[in-house]
Chemist: 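Got a structure for you, questions after.
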Amino acid sequence: MKARRLLIENRSVVLLTFSMLVMILSFGGGCPRNTSLSRREQITEIPHFPWPPPQASATYIIPNTLIISKSGVTRLRDVDERITVALSDHGYSERSYFAVPAGYAQVTRIEQIEIDGTSMKGDNRWVQDASPLSVFSLQAYLKALFLAPRGYFRVIVFIITPIPFSQSDTKITREEAMKWLSSGLNRLPDSIGEMEFSSQTFTCSALVYEFERPTESHDPTIRIPGRLQGLVHLERAGLMEGLRK
Amino acid sequence: MSKPLSVQTCKKRLSALWFLVGAFLFIIVVIQSMLDRYGDRVEDAWKWFLPTIMPTLSLIVGVLVIDIKSSEKVTKMVDGFLFWLAFCLSAIYLVIVALTFFIQPFTTTPLLELMHRSNLWLGPLQGLTSASLGAFFVKAESADPKK
């Protein structure tokens, strides 16, 4: 009886030791991680873009011929590189990334634009407040005195996904759009970048969120529908030219 | 004691100053309102502008109306110091009111906010200006006719 109890206790100790060993090997740094698990973990860490996307002022579906690689397989990182180069060439040096179903979203920093949709020149492009007169001219002075200093602002969101989507009824504020830049990732995660971009299923949609401030005493509000079409925004921002290169 | 001045001349000078500058600023606010300078907050602009100049203009109009109705034709003389004090304070006050409009394009402060902020210094100055104008008009009424 005593010998049997001793045997059971020994078995328990062995089992306990074995299970601890398994646990250490599973979670320990020495064990190579399962690649798919690592990817899944990375995906869950990526902040998600509001889905379906909030109502945009204008949209445009960029033709896949402009973003796929001329040779070989196109991956999402290639698409990202193509868009990033076009953005960088036209002054959009700050971007952030979000996960969307089966793809990603790339958000540009909010910029101030002219009434025709071209990006404002100089540092005023990135300024949110009405700019004072820096150089005096009678025409500019009278304009500032008598006309409301309207402000137009734009955020462009590129959404690359094979999943068709509509837009929600949510109307975002300028502050929410500005937060996108800081709440997203600074680069496209490898787990998403490795995904293959099939031109049969994937689309690259550009959603333009345009905000208008009627006077310097008002807060900017989103314009729905926008004054300009999505393609016009992308053309005037110089991005279509960059993508066609 | 400053050199005595004709009451009628002094009143004309003060009226001219207030009406010319007042009308000029009034036209500016009208044009701004018509061109949508204030957006849907145009009422806020008028709520600031009218109390800024209307009380003093009303006082001057009142004095002028009394003068017109009065049958007295004698020329009265008044101490020049009181007139120049009222005139200079009025000029300074109106220049500062005008500056609120004309300096705004060089600042980042919104015009309506600047108007609101200017009440800090315009309030006391308006009090001083009105007091000096009142003192001048009271003194002018009780002045002795020219000998």
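Chain A is the first sequence line, chain B the second, and so forth, proteins listed ahead of strands; every chain is numbered from 1. Treat the numbers as computed from the prediction; the structure is a model and nothing was measured.
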Chemist: What is the minimum heavy-atom distance between Phe146(A) and Arg37(B), and which atoms define it?
Modeler: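 That closest heavy-atom pairing would be O-CB, 3.5 Å.
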Chemist: Would you find more than 12 non-hydrogen atoms of other residues, nucleotides or ligands less than 6.0 Å from Glu212(A) atom CD?
Modeler: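 Yes.
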Chemist: Say you draw a straight line from NE2 of His218(A) to CG of Leu112(B); how long is it, rounded to the nearest 0.5 Å?
Modeler: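 So the NE2 of His218(A) and the CG of Leu112(B) are separated by 8.0 Å.
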Chemist: Just wondering, are more than 12 heavy atoms of other shown residues or ligands nearer than 6.0 Å to CZ in Phe26(B)?
Modeler: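 Counting other residues, nucleotides and ligands, CZ of Phe26(B) stays at 12 neighbours or fewer.
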Chemist: Counting only heavy atoms not in Gln55(A), do more than 12 sit closer than 6.0 Å to its CD atom?
Modeler: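 Count over threshold, so yes.
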Chemist: Less than 4.5 Å to any heavy atom of chain A: does that hold for the side chain of Gln104(B), its backbone, both, or neither?
Modeler: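 Only the side chain of Gln104(B) comes within 4.5 Å of chain A.
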Chemist: Do the non-hydrogen side-chain atoms of Glu216(A) and Thr107(B) ever get within less than 4.5 Å of each other?
Modeler: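 Side-chain contact under 4.5 Å: no.
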Chemist: Taking all non-hydrogen atoms of both residues, which atom of Leu145(A) and which atom of Phe101(B) are closest, and how far apart?
Modeler: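 Looks like CD1-O, 3.5 Å.
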Chemist: Nearest 0.5 angstrom please: Thr215(A) OG1 to Leu111(B) CG, how far?
Modeler: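 The OG1 atom of Thr215(A) sits 9.0 Å away from the CG atom of Leu111(B).
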Chemist: How long is the span from the NE2 atom in His116(B) to the OG atom in Ser217(A), to the nearest 0.5 Å?
Modeler: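 Separation between the atoms: 12.0 Å.
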Chemist: Can you confirm whether Asp123(A) is buried at CG, in the sense that more than 12 heavy atoms of other residues, nucleotides or ligands lie under 6.0 Å from that atom?
Modeler: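 No, because the 6.0 Å sphere around CG of Asp123(A) holds 12 heavy atoms or fewer from other groups.
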Chemist: Shortest non-hydrogen contact from Pro105(B) to Tyr141(A)?
Modeler: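 Closest approach of Pro105(B) to Tyr141(A): CG-CE1, 3.7 Å.
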Chemist: Quick one: what part of Asp40(B) sits under 4.5 Å from any heavy atom of chain A, side chain, backbone, both or neither?
Modeler: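 For Asp40(B), backbone and side chain are both near chain A.
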Chemist: Heavy-atom distance under 4.5 Å to chain A: side chain of Phe102(B), backbone, both or neither?
Modeler: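 Answer is both: backbone and side chain atoms of Phe102(B) are under 4.5 Å from chain A.
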